[in-house]
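One structure is given below, encoded as structure tokens.
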There are 2 protein chains.
Amino acid sequence: MTRDNDPDRSVSQTVRALLSLRDLILSGALAPGERISELSMVERTGASRTPVRMALVRLEEEGLIEPIPSGGFSVKAFTEADIFDAIEVRGAMEGLVARAAAQRGVSDAALADIRDCLAEIDVLIDAMESSLEHFSDYVRLNARFHAALHELSGSPVMIRQAERAGALPFASPSGFVMAQSALPQARTILIVAQDQHRCVVEAIANREGERADAIMREHARLARRNLQLALENQTTLDLVAGSALIRRAR
Amino acid sequence: MTRDNDPDRSVSQTVRALLSLRDLILSGALAPGERISELSMVERTGASRTPVRMALVRLEEEGLIEPIPSGGFSVKAFTEADIFDAIEVRGAMEGLVARAAAQRGVSDAALADIRDCLAEIDVLIDAMESSLEHFSDYVRLNARFHAALHELSGSPVMIRQAERAGALPFASPSGFVMAQSALPQARTILIVAQDQHRCVVEAIANREGERADAIMREHARLARRNLQLALENQTTLDLVAGSALIRRAR
DNA sequence: CGATGGTTTTTTGTATACAGAACCATATCG
DNA sequence: CGATATGGTTCTGTATACAAAAAACCATCG
């Protein structure tokens, strides 16, 4: 109401503040360890203190910020080890959802849906043969596949937990973007990942819970190795979101 | 400030409101599905609307309440299946932390600490031979053991996730209380669980990650079977916290 | 020149006021 | 008699005011 610099008036202030703050943290505009003053966030988000405060509580619960004993919050600093651990957690959770889906069985419709998703990813990987132009589309689709996989478990509790497991940046196998120069490696990684995607879906279709679990854990290990490679050799792979979070650790 | 019905003045209003609300939900004073009006919570907790609102946001993030599309929150209703799933999730997470602890190795001091914890539980189980008087102590100690196990992983990310996995009521193997009449079965359960506790600690000490993982998963399966038994035959075992949450499902 | 104490300023925690939306009940019209 | 409009009531979402605590700053003293 002070100024009408509203980018979108249809969304509630609370949601706007949450998205703004999360973006500020993930983009690195707020340095790890930096104290978050409510007032400055009011200035940056345009919302009042109340929505900002609610967003801060949510972000604390999400794990992106942590409370300061004397009051207020600071941006949480993640180490490389934290990221690796998050990937492992995600692997364990996705192994569990895959196993559960296989054991309980899934509807043909759901199976068809997720296979469609796989097919779309195939198309995208083909399109990326010459350029990485559509990489962000791939990231989106990949996230959709994983969400669909969670859904196959049919368990709200597991879905919720699996989603939270990926809350940390880089927890997804595709949570980094590749430089043009790394095209061959990039495609190889994507193709292997896609193969695992396909395998897990078939394992679920065949009711092989143990195998589905194993595949998703292996999938996470692949992601871990790739991230490690990316960190050791950042000329070929360049980290995208939240690079500031990890900056402090190197 | 309206009335000084403050039970404890040393704690902040926010924390008081959070604890009050959580207790109201877990105790069943608020029925599953029931809408939570901020105003009534203000009356019940003695805090103002702002702390109540913050507590509500936290509880939503915890998963105990869910937002109503038209605004506000309602108490989440859990089914028996949800509880079983939560136990499985916890099993997966504790398997992971045990595996991680084994792979990374733990300090002798930490190992001694958790072994002390085991010894204390042994004493308590012995004391329960004739009566279940100290059962609540056992529940507390068991929680401490599991927390200590999480700590062994040495990973803040894993610890955090493991703790959240147990957020749902009953997710712990000892999340139910036993009636006096069930003393023999109760002790058997506790003894088997304690055996698994001991085995996982030894597996970690011997750096057997795979085995430590398997044991904790089996531990969860035991908890699941016991809960199932308790639900089928509630004359022998009686559910404690959050019985209202599950009431709707039966 | 450094340390210490007091003062000022900022910041958080809390309460409350206000506006708009949703809900409910009633009354009116078909 | 039923459906719909309408008015009032209650609720949430948001902004803001106020007080206590913390932090920062400055001045004074050793």
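Per chain, numbering begins at 1; letters A, B, ... match sequence-line order.
Counting any heavy atom pair closer than 4.0 Å across all strands shown, A/Thr50 reaches a base atom. Looking at heavy-atom distances under 4.0 Å, B/Ile36 makes contact with sugar-phosphate atoms alone, never a base.
With sequence neighbours left out, B/Val57 forms a side-chain contact (heavy atoms from CB on, under 4.5 Å) with A/Met54, A/Val57, A/Arg58. Not a single salt bridge (charged side-chain N to carboxylate O under 4.0 Å, His left out) links B/Asp116 to another residue, sequence neighbours left out. Evaluation of the side-chain contact (heavy atoms from CB on, under 4.5 Å) rule for A/Glu38 yields A/Arg49, A/Arg53, A/Leu56 as partners, not counting sequence neighbours. Under the side-chain contact (heavy atoms from CB on, under 4.5 Å) criterion, A/Arg35 pairs with A/Ile68, A/Ser70, sequence neighbours left out. With sequence neighbours left out, B/Phe73 forms a ring pair (Phe, Tyr, Trp, His ring centres under 6.0 Å) with no residue at all. Checked against side-chain contact (heavy atoms from CB on, under 4.5 Å), A/Asp23 has no partners two or more places apart in sequence or in another chain.
Distances were taken from every side-chain heavy atom of A/Gln13 (C-beta onward) to each of C/dA15, D/dT14, C/dT12; the shortest belongs to D/dT14. When the nucleotides C/dT16, D/dA15, C/dT11 are ranked by their closest atom to the side chain of A/Ser48, D/dA15 comes out on top.
Within residues 66-73 of chain A, the residues approaching DNA chain D are A/Ser70, by heavy-atom distance under 4.0 Å.
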Could you pull out all donor-acceptor pairs under 3.5 Å where a side-chain atom in residues 101-110 of chain A meets a protein atom, sequence neighbours excluded?
{"unit_1": "A/Arg104", "atom_1": "NH2", "unit_2": "B/Asp85", "atom_2": "OD1", "d": "2.6"}
{"unit_1": "A/Ser107", "atom_1": "OG", "unit_2": "A/Ala110", "atom_2": "N", "d": "3.0"}

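Atom pair B/Glu38:CD and C/dT14:C1' shows a separation of 15 Å (rounding to whole Å applied). As rounded to whole Å, 10 Å separates atom P of D/dT10 from atom CG of B/Leu39. Between B/Arg35 atom CZ and D/dT10 atom P the separation is 14 Å, expressed in whole Å. Taking atom CZ of residue B/Arg49 and atom P of nucleotide D/dA17, one finds them 17 Å apart after rounding to whole Å. Straight-line distance from the CE atom of A/Met41 to the P atom of C/dT11: 11 Å, rounded to whole Å. In this structure, A/Arg53 places its CZ atom 15 Å from P of D/dA15, rounding to the nearest Å. Taking atom CD of residue B/Glu43 and atom C1' of nucleotide D/dT10, one finds them 13 Å apart after rounding to whole Å.
A donor atom on one side chain and an acceptor atom on the other are not found under 3.5 Å apart for B/Arg164 and B/Gln161.
Using cut-offs of 30° and 60° on the angle between ring planes, the pair A/His146 and A/His219 is parallel.
In this structure, the helix from C/dC1-D/dG30 to C/dG30-D/dC1 shows an angle of 10° between the axis at its start and the axis at its end, each fitted on 5 base pairs and rounded to 10°.
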